[in-house]
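Numbering of residues begins at 1 and proceeds along the displayed sequence. Whatever order the structure lists them in is the order used to number ligands and atoms, beginning at 1. Only this structure's heavy atoms are used, side chains among them; waters, hydrogens and symmetry mates stay out. Since this is a predicted model, take the numbers as computed values, not measurements.
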Amino acid sequence: MPHRAATVARRADAAFDAAVARLSDYLTIPAISCDPSHADDVRRLAARIRDDLAARGLHRARLLELDGALPCVVAEWLEAGPDAPTILVYGHLDLQPVEREHWRTDPHEAVEVDGRLYARGAADDMGGWVSHLAAVEAWLAETGGLPCNLKLLIEGEEEIGSPNLERFMDAFPEAFDSDVMVLTDCENPSTMVPGLTVSLRGLFEIDLTVEALSADGHSGLWGNMVPDVSVALMRLVARLTDEDGRLRVGRVEVPEAWVVGSERVPLTTEVIRGGAHLLDGVDPLPLRGRTAPEWMWRQPAMTVVATTLPTHDRKKNALRTTASATLSVRVAPGQDWRELYGAIRDELMRDPPGGVRVTVVAGDSPGEGWLYEPRGVAFEAVDRAYSASWGSPMVQVGVGGSIPFVALFGRRFGDLPLILNGVMDPQSTAHGPNESLDLSVFRKAIAANVHLYAELATCGLGQ
Ligand SMILES: [Zn+2]
């Protein structure tokens with residue numbers, strides 16, 4: 001089988017320009033799901049993809065429809081027989097909106113510059129699932145079949161947070177029924193190193209309020225004798241942080257083996273500096289004996305996202321009655337958000353400076369993180385497929401934020417092998433202006449998929 005896969009991979013490589021042309025064609029339709037005026041574009045693209053999948057030899061190509069939802073495109077090829085495993089490939093066809101004035105080229109016309117293809121959706125996520133279509137076509141053209149069964153599911157609402165995906169799971173369970181899932185909408189740590197996403201952080205908010213006076217007071221008369229709520233608020237927030245400004249409450253133990261593996265992730269000072277737009281002279285926070293991936297993906301974090309501190313346009317020389325802040329807290333993967341909230345709350349409520357009244361309230365709709373252990377024969381197959389195509393096994397990466405569809409698949413199908421990969425890299429600027437796909441990554445992704453189907457077919461999955 002590896003021999004046959006190598007032949008198929010060569011065939012896919014010879015057809016690479018056609019795959020880029022197909023991708024470029026899909027990228028001309030502004031399928032922007034958050035904008036109702038583009039709903040027809042989402043539907044038009046979905047119908048075109050459905051027709052293409054049928055024309056390329058996939059079976060039962062169709063649209064899944066639900067009231068009040070944009071459609072999913074599905075198709076399958078199940079001729080490998082009942083003993084062969086079934087792979088579900090998930091991607092999405094919808095796009096983020098564009099701010100045209102910040103684009104150097106037309107966002108809805110793919111343009112190749114220096115080995116990168118620029119267009120909205122090139123990397124997020126049209127290139128992701130089209131890399132599977134190219135691999136499927138090469139298998140069918142070279143051998144007349146696939147080594148395993150395959151279902152393709154392309155969502156139309158990922159960029160608005162997949163609000164109906166769970167309803168689709170409930171209404172069309174057979175479209176999701178599979179032995180292994182490849183969820184192809186994630187990022188690689190570089191164009192040379194393929195990434196396997198295994199964790200997300202959760203998210204909740206805290207509203208903190210400090211009260212001291214029943215009416216504003218003259219700062220000259222009462223300064224030094226009564227509490228300034230603004231200072232009290234800042235001191236309480238500062239309690240939660242260490243000398244570097246990081247959240248110090250609720251840190252978790254990360255397994256030593258993960259930490260050692262994370263040293264292979266190329267998250268260098270330069271990558272952080274460029275990615276986060278640090279000003280000259282401002283440095284990333286010191287690592288203090290941990291790795292950058294651990295700080296960014298595996299430890300809880302806090303950001304002050306709003307305050308009622310006096311603003312310039314409300315300036316007056318007075319001690320104020322009250323001050324409040326909203327804190328956004330990222331929950332470590334696997335951490336219980338209630339425990340983290342409780343620890344932060346205790347720290348804020350203890351021994352209030354000057355006896356000020358402190359109120360702490362958790363915001364609505366907290367989101368849990370997600371932590372996945374990639375183990376078993378499927379992931380050994382993944383390593384072989386990526387070594388053959390990228391020359392490197394996948395490196396485990398995390399996401400510091402939260403992706404609703406990932407959390408949903410994790411919750412519903414966490415007992416299956418979940419392979420979260422994609423064609424994005426740190427320069428892709430998904431969701432931003434001048435989104436682009438590195439074409440060397442696209443080429444390697446197609447080859448990886450060719451090998452992955454062969455390796456998953458023979459790895460002993462489900463036996
Ligand atoms: Zn995406």
Task: Identity of the N, O or S atom of Asp124 lying closest to the Zn ion (ligand 1) - done: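 Nearest N/O/S atom of Asp124: OD1.
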Basic-acidic side-chain contact under 4.0 Å: [X], [Y]:
| X | Y | answer |
| --- | --- | --- |
| Arg288 | Asp242 | no |
| Asp41 | Arg44 | yes |
| Asp170 | Arg412 | yes |

- [ ] Taking both backbone and side-chain atoms into account, decide whether Glu159 has an N/O/S atom under 2.8 Å from the Zn ion (ligand 1).
- [x]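 False for Glu159.
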Open item on the list: Closer than 2.8 Å to the Zn ion (ligand 1): does that hold for any N, O or S atom in Asp125?
Closed with: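 No, Asp125 does not qualify, because none of its backbone or side-chain N, O or S atoms lies under 2.8 Å.
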Task: His92 atom NE2 and Asp185 atom OD1 as seen from the Zn ion (ligand 1), angle to 10 degrees - done: 100°
Open item on the list: Centre-to-centre under 6.0 Å for Phe16 and Phe442, is that the case here?
Closed with: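 Aromatic pair counts; centres sit under 6.0 Å.
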